**Q** 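Quick one: structure below, then a few questions.
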Amino acid sequence: MTLVHQSTNGTVTIPESVLVEIAARAAESVAGVHVRRKRTVDVEAKLVRLEIDAPRTASLTETGAAVQDAVASALETMCGLAARVDVAVEELA
């Protein structure tokens, strides 16, 4: 689904593929995290779902929280989308 922002200056359209890429890059900015292929952004529900590989040396809950913070912040800053971020740790890297 596409995110559409309308203002007095016109319309900005951001396709789902761009939102997913922003989310994945933000998640991978967390040390040792790699995003797996299963990743979605539901604009209507304001929900991001990511499956990640996490480093063995870190607390999984702390890593997951850092990913949530990074993704939520990036989407809010870049797109104005305040989304909930669900993270599933699928494998240890």
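As the structure is a computational prediction, the values presented were derived from the model and not from experiment. The figures here come from the full heavy-atom set of this structure, side chains too, leaving out hydrogens, waters and symmetry mates.
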**Q** Got more than 12 heavy atoms from elsewhere within 6.0 Å of CZ, Arg49?
**A** no
**Q** State which residues pass side-chain contact (heavy atoms from CB on, under 4.5 Å) with Ala65; sequence neighbours excluded, sorted by chain then number.
**A** Gln68
**Q** Atom SG of Cys79 and atom CG of Leu3: how far apart are they, to the nearest 0.5 Å?
**A** 6.5 Å
**Q** Identify, with sequence neighbours excluded, every residue that meets side-chain contact (heavy atoms from CB on, under 4.5 Å) alongside Ala74.
**A** Ile22, Ala26
**Q** Just by modelled atom types, is the Gly10 backbone N or O under 3.5 Å from a matching donor or acceptor in the His5 side chain?
**A** no
**Q** Nearest 0.5 Å, please: how far is CD in Glu51 from CZ in Arg37?
**A** 12.5 Å
**Q** What are the two closest non-hydrogen atoms of Arg39 and Ala24, and how far apart are they?
**A** NH1-CB, 3.3 Å
**Q** Nearest heavy-atom pair of Gly32 and Pro55: which atoms, and what distance?
**A** O-CD, 3.6 Å
**Q** Rounded to the nearest 0.5 Å, what's the gap from CG on Leu50 to CG on Asp86? Could you check?
**A** 9.0 Å
**Q** If I take atom OG1 from residue Thr40 and atom CG from residue Leu47, how far apart are they, to the nearest 0.5 angstrom?
**A** 6.5 Å
**Q** Give, for atom CG of Leu92 and atom OG1 of Thr63, the distance between the pair rounded to the nearest 0.5 Å.
**A** 9.5 Å
**Q** Kindly compute the distance separating CG (Leu75) from NZ (Lys46), expressed to the nearest 0.5 Å.
**A** 12.0 Å
**Q** Pick from Leu19, Thr2, Val4, Val48: which one makes a side-chain contact (heavy atoms from CB on, under 4.5 Å) with Val43?
**A** Leu19
**Q** Can a salt bridge be assigned to the pair Glu90 and Lys38 using a cut-off of 4.0 Å between side-chain N and carboxylate O?
**A** no
**Q** With a 4.5 Å limit on heavy-atom distance, are the side chains of Ile52 and Arg36 in contact?
**A** no
**Q** Keeping the roles fixed (side chain from Glu16, backbone from Asp42), state whether a donor-acceptor pair exists under 3.5 Å.
**A** no
